[in-house]
Trainee: 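Pasting in a structure now, in structure tokens, and then I'll have a few things to ask.
Bear in mind that the values here come from a model prediction, so they are computed numbers and not experimental data.
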Amino acid sequence: PKKSPIEIGKCVKPVRNKDDPTLCLDAYTEYMEIVKALEKEHIRIYTDGGRHVGNDSTGYGIRIIQHDNGSETILRQASEGLGNTSVSEAELTAVYDALFWLHQEFKPKIPPIHIFTDSTYTLNASASHLYKQKHYYIVQESQNIAYQIRAENNLIPIVIHYVPSHIEHTILGLRRTGNYYADKLATEGVLKSTIQDNEKRLHNKFIREKILNETIDLMESIETKLDIFNEPDSPPTASVVDDLGACVYANRDPSLRGVP
């Protein structure tokens with residue numbers, strides 16, 4: 001299968017006890033080393049999702065920073081509500097939203113992109129081609145946009161990293177990480193979440209899943225007839241589905257574009 005346009009980069013080791021200042025400081029130091037090793041010109045995307053325990057409403061937060069030879073500029077901070085869904089869907093939607101915004105708004109050329117998340121699920125799903133996984137329609141759209149960004153910007157790398165949440169909370173004086181602000185924005189998104197957000201999300205999810213499922217069924221039918229697999233239980237390749245998915249994204253109802 002075709003390689004995902006989003007690759008997994010260096011990650012910080014998980015912190016099992018976030019009340020332990022030594023473990024948190026080690027993780028923070030590891031995170032800073034990853035950031036310092038990035039290209040002189042790059043964009044960092046910090047994403048997070050959240051959910052209200054009482055009413056199950058969800059939301060997400062995004063913080064996008066441009067780093068240019070030592071200076072940093074906040075390009076975008078956003079919080080959005082999603083209605084009643086899972087934190088995993090909120091986390092993945094944040095990645096999609098950030099990539100979509102960069103593709104639409106950043107000019108003239110996009111430098112290398114590094115995404116930081118505190119969700120191992122988002123880390124692995126974003127770089128995966130298991131297109132029957134849960135929330136596949138969001139992952140596919142993120143990857144379609146990533147393909148377009150790379151094609152239009154000299155095949156820049158788009159890398160996703162894992163960094164534990166709240167690692168700076170137990171130590172006074174540490175500079176806040178981007179994930180800290182994304183977490184705060186996600187909380188705002190949860191509080192903003194409404195019934196209308198839920199209805200819009202479900203409507204768009206139904207349309208997107210219907211299109212992608214029809215595409216996947218078609219590919220499976222073709223591949224079965226061609227008998228291209230050595231083992232009968234092998235899963236169908238996703239490479240052609242990716243190409244068709246990109247066409248679906250480019251030609252679908254314009255009212256859905258940019259809507260998580």
Side-chain angles (χ1 to χ4, degrees), residues 4 6 45-64 76-104 115-146 160 162-166 178-216 245 248-249 252-260:
S4 169
I6 303 174
I45 297 173
Y46 297 93
T47 63
D48 199 10
R51 184 174 186 177
H52 193 287
V53 178
N55 59 19
D56 291 335
S57 60
T58 59
Y60 63 87
I62 300 168
R63 182 178 171 96
I64 304 177
R76 184 185 184 217
Q77 291 194 140
S79 58
E80 298 291 342
L82 281 181
N84 184 0
T85 184
S86 66
V87 174
S88 295
E89 184 166 350
E91 298 263 10
L92 290 170
T93 303
V95 173
Y96 162 76
D97 187 327
L99 291 174
F100 182 89
W101 184 89
L102 278 175
H103 185 239
Q104 295 293 313
I115 304 166
F116 288 85
T117 177
D118 63 5
S119 164
T120 54
Y121 177 81
T122 300
L123 176 84
N124 293 309
S126 297
S128 171
H129 261 306
L130 299 177
Y131 61 87
K132 285 193 172 180
Q133 65 182 316
K134 195 175 182 180
H135 309 313
Y136 170 72
Y137 77 102
I138 305 175
V139 175
Q140 181 64 60
E141 294 230 327
S142 295
Q143 291 185 358
N144 287 340
I145 297 173
I160 188 165
Y162 168 78
V163 56
S165 61
H166 311 304
N179 283 62
Y180 169 87
Y181 296 102
D183 176 73
K184 296 298 182 184
L185 290 165
T187 301
E188 292 181 12
V190 171
L191 296 176
K192 288 163 49 175
S193 186
T194 64
I195 295 176
Q196 288 73 21
D197 289 325
N198 196 51
E199 292 174 347
K200 179 176 67 175
R201 179 187 61 79
L202 290 174
H203 173 70
N204 293 336
K205 179 178 180 181
F206 170 78
I207 294 175
R208 289 171 172 176
E209 286 187 330
K210 184 174 185 295
I211 292 172
L212 287 169
N213 286 335
E214 289 174 352
T215 304
I216 291 169
V248 168
Y249 173 79
R252 64 188 173 88
D253 184 348
S255 66
L256 290 179
R257 297 180 189 175
V259 179

Trainee: Please report the shortest heavy-atom distance between Asp118 and Tyr162, naming the atom on each side.
Mentor: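 Shortest heavy-atom contact: O-CE1, 3.4 Å.
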Trainee: Before giving the answer on side chain to side chain contact (heavy atoms under 4.5 Å, CB included), spell out for Leu102 and Arg76 the whole-Å C-alpha distance, their side-chain angles and the decisive distance to 0.1 Å.
Mentor: CA-CA 10 Å; Leu102 278 175; Arg76 184 185 184 217; over 6 Å; no
Trainee: Working to the nearest 0.5 Å, report the span between CG of Asp183 and CD of Glu188.
Mentor: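 Reported to 0.5 Å precision, the distance equals 10.5 Å.
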Trainee: Rounded at 0.5 Å granularity, tell me how far CG in Leu92 sits from OH in Tyr121.
Mentor: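 These two atoms lie 5.5 Å from each other.
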Trainee: Of the non-hydrogen atoms in Glu91 and Thr47, which two are nearest, and what is the gap between them?
Mentor: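 Looking at all heavy atoms of both residues, the shortest contact is OE1-O, 4.3 Å.
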Trainee: Distance check, rounded to the nearest 0.5 Å: Asp48 atom CG versus Lys184 atom NZ?
Mentor: 11.0 Å
Trainee: Going from CD1 on Ile45 to CD1 on Ile115, what distance comes out if it is rounded to the nearest 0.5 angstrom?
Mentor: 5.0 Å
Trainee: For Ser57, check side chain to side chain contact (heavy atoms under 4.5 Å, CB included) against everything at least two apart and list the hits.
Mentor: His52, Asn55, Val190, Ser193
Trainee: Side chain to side chain contact (heavy atoms under 4.5 Å, CB included) with Val163: which residues, sequence neighbours excluded?
Mentor: Val12, Tyr31, Phe116, Ile167, Asn179
Trainee: Starting from the C-alpha separation in whole Å, work towards a yes-or-no answer on side chain to side chain contact (heavy atoms under 4.5 Å, CB included) for Thr85 and Thr93.
Mentor: CA-CA 11 Å; Thr85 184; Thr93 303; over 6 Å; no
Trainee: In Å and rounded to the nearest 0.5 Å, what is the OH to CD distance from Tyr60 to Glu89?
Mentor: 11.0 Å
Trainee: Which heavy atom in Ala125 sits nearest to a heavy atom in Val139, and how many Å separate them?
Mentor: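 Scanning both residues completely, I find the closest heavy atoms to be O-CG1, 3.2 Å.
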Trainee: Please name the pair of heavy atoms, one in Ala127 and one in Gln143, separated by the smallest distance, quoted to 0.1 Å.
Mentor: C-NE2, 4.3 Å
Trainee: Please report the interatomic distance CD1(Ile160) to CD1(Ile6), rounded to the nearest 0.5 Å.
Mentor: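 One finds 6.5 Å between CD1 of Ile160 and CD1 of Ile6.
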Trainee: Which pair of non-hydrogen atoms, one from Gly50 and one from Ala186, has the smallest distance, and what is that distance?
Mentor: N-CB, 4.1 Å
Trainee: So, for Ser86 and Arg51, which heavy atoms are closest and what is the spacing to 0.1 Å?
Mentor: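 Minimum heavy-atom contact is CA-NH1, 4.2 Å.
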Trainee: Does the pair Val95 and Thr117 meet the rule for a side chain to side chain contact (heavy atoms under 4.5 Å, CB included), with working shown?
Mentor: CA-CA 9 Å; Val95 173; Thr117 177; 5.8 Å; no
